Structures are given as C-alpha cells and as structure tokens.
Amino acid sequence: LISTSHISDELFPGTEKQFYGADCLLKGMALQENVSFFDIKAYTTGTHLLKDKFHLNADGHQVLIEPFAKLLKGVF
C-alpha cells in the first residue's frame with residue numbers, strides 16, 4: 001500500500017488532517033494483512049509539489065525512485 005502525498009492545507013483546508021487519517025488506516029491495514037506500506041511523506045516535503053500544491057513535481061518523483069525500488073526488491 002502507498003500513503004497519500006503532501007498537499008497544501010492553505011489551499012485545501014482540512015485535507016492534511018484527512019490525509020493523516022487515511023494514512024493511519026492504510027498503515028493499519030498493511031500491518032494487519034502483512035503487506036508492505038510505502039510512506040511517500042517520509043521522502044518528500046511540501047517543496048516537492050507543483051504550483052497547484054497538490055501533485056508532486058519532477059524532484060518529488062525523483063526522490064521516490066530509489067526507496068521505492070528498494071521496497072519492490074524486497075517484495076519480489
């Protein structure tokens with residue numbers, strides 16, 4: 001399972017709190033079902049967002065490549 005990403009709470013009020021709740025549920029499900037959980041927020045920051053303050057920019061995607069590849073190698 002994969003977490004939610006960062007988002008601008010200024011532009012999308014309350015969304016960070018909602019995303020936090022969703023991530024907690026996803027982490028719990030991953031633990032319960034013994035599946036991997038990849039936390040995007042552990043590798044990215046708000047500076048990795050496009051101008052829309054919602055989607056990851058190229059740098060945001062770039063920093064995820066290595067840790068996600070390591071996770072996949074461990075799974076397969």
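Keep in mind that this is a model prediction, so the values were computed, not measured.
Under a hydrophobic-cluster definition in which Ile, Leu, Val, Met, Phe, Trp and Tyr are linked whenever side-chain heavy atoms come within less than 4.5 Å, directly or via other members, Leu49 and Leu11 are assigned to different clusters.
Clustering of Ile, Leu, Val, Met, Phe, Trp and Tyr side chains at separations under 4.5 Å leaves Ile65 isolated, with no partner residue. Grouping Ile, Leu, Val, Met, Phe, Trp and Tyr residues whose side-chain heavy atoms lie under 4.5 Å apart, directly or via other members, places Met29 in a hydrophobic cluster with Leu1, Leu26, Val35, Phe37.
With sequence neighbours excluded, the residues satisfying salt bridge (Lys or Arg N to Asp or Glu O under 4.0 Å) with Glu66 are Lys70. The side chain to side chain donor-acceptor pair (under 3.5 Å) check on Asn57 picks up nothing, with sequence neighbours excluded. In this structure, the side-chain contact (heavy atoms from CB on, under 4.5 Å) partners of His55, at least two apart in sequence or on a different chain, are Leu50, Asp52.
Here the side chains of Phe68 and Tyr43 are not in contact, with every heavy-atom distance at 4.5 Å or above. Side-chain contact between Ile40 and Thr4: absent, with no pair of heavy atoms (C-beta onward) separated by less than 4.5 Å. Between Leu64 and Leu56, the closest side-chain pair of non-hydrogen atoms falls below 4.5 Å.
Within the structure, the salt bridge (charged side-chain N to carboxylate O under 4.0 Å, His left out) test picks out the following pairs touching residues 4-17 (sequence neighbours left out): Glu16-Lys41. Pairs passing the side chain to side chain donor-acceptor pair (under 3.5 Å) check and including a residue from residues 25-39, sequence neighbours excluded, read Ser3-Asp39. Residue pairs that meet the ring pair (Phe, Tyr, Trp, His ring centres under 6.0 Å) test with at least one member in residues 1-32, sequence neighbours left out, are Phe12-Phe54.
Thr15 OG1 to Lys53 NZ: the interatomic distance, rounded to the nearest 0.5 Å, is 14.5 Å.
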